[in-house]
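Read through the structure below, which is laid out as structure tokens, and then see the notes.
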Amino acid sequence: MTTGLLTFIVLILIAIAIWQLTKIFDLSQAKADNSNTQVANDKDNNINGYLMMGFLMFIYIITIVCFWKWGDLPLIGNSASEHGESVDTLMVISMVLIFFVQTVTQALLHYFAYKYRGKQGRKALYYADNDKLEFIWTIIPVITLAGLILYGLFTWNEIMDVNMDDDPIVVELYAQQFNWKARYAGEDNVLGKANVRLIDLGDNPNILGLDREDKYAQDDVIVQELHLPVGRKVVFKMRSQDVLHSAYMPHFRMQMNCVPGQTTEFAMKPTKTTAEMRETSKIIKKVARINGIRAAKSEKLVAEGKEALAPYEFDYLLLCNKICGESHYNMQMKVIVESEEDYNKWIAEQATFGK
């Protein structure tokens, strides 16, 4: 049904386009005389001028409605990493500038289209060039964009400054269609060597292709649920087994491509535990909204004799932000941020690769 409707709409649009092209062709062949009804007169120009102002009002009304109904951004101002506040600030500045420029330029565009609409006997004034005006509209965007880029570069350099003197935890994020695995560097805090050619799924599985002869690999810990201690810097090393993936943790403002054949890295420090994030007002509202939707759907499912949906509970997630195949939407891993004491207890309970 949806495909048929889209096909119908496309055909209608093609027909309109052909009709408009025919009118343009006719106008190009017409002689300049007032008897040709295809040539716009003052009435036509006035109608178009009023329509431009009406459309401007429509744009502003739609913008206000969208802000009113969908303007709540649960991520902005609710970061869970040390660098997240800088990223949020940059995002807010960019959005404010874009909104301001869009509002002003649209107002001027539609107002001038209305004010200087065509009139019989009035000739448009033509400027070949205006150096002063061109300088103004060039230098202002240059300064604005340079400021945003420099701010972004400084923020990026802080994120990518992987200083091992800070005693960070080293974790590998291993991507494959369609799941994630995490590998902790163990007590020596050094990841063992690994290669996809060493992957073995037999009786003694080696799912990440670790080098069994490498001493640094013996204490590595492979898990399918990521635990991180709050307030401790974490250095992520990322690999992909098959295609291009992207490690994306939205609440930590973290994203980095996982490229087959090479290792990429990203560093960040969690600042809020999972329990603390669940208590924030934005997450409470989000959970309530989702559970309201689930409750409504559950009523229909129960009425059909099916099982009701389980209540939603917030968790940090590691997602893939590249469309990597048909089950891309399922590629996610639960991330738990906890106290260092709880983290140490959890990691001590995990089996190492060498055992």
Side-chain angles (χ1 to χ4, degrees), residues 81 83 87 152-153 155-164 168-186 188-228 233-270 315-336 350-354:
S81 65
H83 69 268
V87 174
L153 283 174
T155 302
W156 180 249
N157 287 333
E158 288 178 8
I159 296 170
M160 299 307 294
D161 182 20
V162 180
N163 188 353
M164 297 305 292
I169 296 172
V170 179
V171 181
E172 178 185 75
L173 299 179
Y174 187 79
Q176 62 183 147
Q177 294 175 309
F178 297 96
N179 66 74
W180 295 96
K181 291 181 177 63
R183 175 164 65 113
Y184 291 80
D188 56 23
N189 212 27
V190 178
L191 290 168
K193 295 177 182 177
N195 193 303
V196 293
R197 294 182 178 86
L198 299 176
I199 292 175
D200 182 5
L201 303 179
D203 296 334
N204 188 15
N206 184 2
I207 58 177
L208 299 191
L210 273 62
D211 186 347
R212 297 185 187 276
E213 304 300 323
D214 184 9
K215 66 177 183 179
Y216 292 114
Q218 303 308 308
D219 64 346
D220 288 359
V221 174
I222 301 172
V223 295
Q224 298 191 58
E225 183 176 88
L226 189 60
H227 285 243
L228 303 174
K233 191 170 185 178
V234 184
V235 175
F236 293 101
K237 307 282 186 177
M238 282 154 275
R239 285 193 300 145
S240 172
Q241 178 176 307
D242 34 53
V243 300
L244 187 67
H245 298 278
S246 186
Y248 177 47
M249 300 187 201
H251 290 90
F252 302 120
R253 310 299 187 263
M254 170 184 164
Q255 179 171 310
M256 179 61 69
N257 284 347
C258 306
V259 184
Q262 71 179 68
T263 301
T264 53
E265 68 178 17
F266 195 103
M268 70 96 173
K269 182 187 291 185
D315 278 305
Y316 295 122
L317 290 175
L318 166 62
L319 307 168
C320 177
N321 208 24
K322 286 284 185 293
I323 301 178
C324 56
E326 60 184 6
S327 292
H328 156 73
Y329 65 95
N330 269 331
M331 190 169 169
Q332 54 185 263
M333 175 190 280
K334 183 178 178 180
V335 181
I336 297 174
Q350 307 307 309
T352 59
F353 175 71

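If you read the sequence from its start, that first residue is 1, and numbering goes on from there. Remember, predicted model here, so these are calculated numbers, not experimental data.
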| message | Under the criterion side-chain contact (heavy atoms from CB on, under 4.5 Å), I'd like the reasoning laid out for T155 against V87: C-alpha separation, chi angles, the key distance, then a yes or no. | response | CA-CA 7 Å; T155 302; V87 174; 4.3 Å; yes
| query | Passes side-chain contact (heavy atoms from CB on, under 4.5 Å), M254 versus F236? Steps please. | reply | CA-CA 10 Å; M254 170 184 164; F236 293 101; 3.6 Å; yes
| message | Show, in sequence, the C-alpha distance, side-chain angles and deciding distance for V259 and L244, and conclude whether the side-chain contact (heavy atoms from CB on, under 4.5 Å) test is met. | response | CA-CA 5 Å; V259 184; L244 187 67; 3.7 Å; yes
Rounded to the nearest 0.5 Å, how far apart are [atom1] of [X] and [atom2] of [Y]?
X	Y	atom1	atom2	answer
Q176	H245	CD	NE2	8.0 Å
I169	N189	CD1	CG	7.5 Å
M331	I323	CE	CD1	13.5 Å
D219	L191	CG	CG	9.5 Å
I207	K181	CD1	NZ	4.5 Å
K215	K193	NZ	NZ	10.5 Å

| Stepwise side-chain contact (heavy atoms from CB on, under 4.5 Å) test for R183 and L210 | CA-CA 10 Å; R183 175 164 65 113; L210 273 62; 3.8 Å; yes
Check whether any side-chain heavy atom of [X] lies under 4.5 Å from a side-chain heavy atom of [Y], and answer yes or no.
X	Y	value
D220	E172	no
C320	W180	yes
F353	R212	yes
P270	M268	yes
Y174	Q241	yes
L226	M249	yes
T264	N257	no
V190	V170	no

| Residue pairs fulfilling side chain to side chain donor-acceptor pair (under 3.5 Å) with at least one residue in residues 327-336, sequence neighbours excluded |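 Applying side chain to side chain donor-acceptor pair (under 3.5 Å) to every pair that reaches into residues 327-336, excluding sequence neighbours, yields nothing.
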Ignoring hydrogens, what is the shortest heavy-atom contact between [X] and [Y]? Give both atom names and the distance.
X	Y	value
E265	M256	O-CE, 3.4 Å
S246	Q255	OG-CG, 3.3 Å
L317	P250	O-CD, 3.9 Å

| message | Using only atom types and a distance under 3.5 Å, with no angle test, would you say the side chain of R239 pairs donor to acceptor with the backbone of L208? | response |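 Flag set: sc R239 to bb L208 pair under 3.5 Å.
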| said: Any side-chain to backbone donor/acceptor pair from D242 onto Q177? Under 3.5 Å, distance only. | reply: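 Flag set: sc D242 to bb Q177 pair under 3.5 Å.
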| Taking atom CD of E213 as the centre, does the number of heavy atoms from other residues, nucleotides or ligands within less than 6.0 Å exceed 12? |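 Counting other residues, nucleotides and ligands, CD of E213 stays at 12 neighbours or fewer.
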| Does atom CZ of F178 have more than 12 heavy-atom neighbours, drawn from other residues, nucleotides or ligands, at distances under 6.0 Å? |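 Yes, because the 6.0 Å sphere around CZ of F178 holds more than 12 heavy atoms from other groups.
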| Angle class for the Y316/F252 ring planes (parallel below 30°, perpendicular above 60°, tilted otherwise)? |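 Geometry flag for F252 against Y316: tilted rings.
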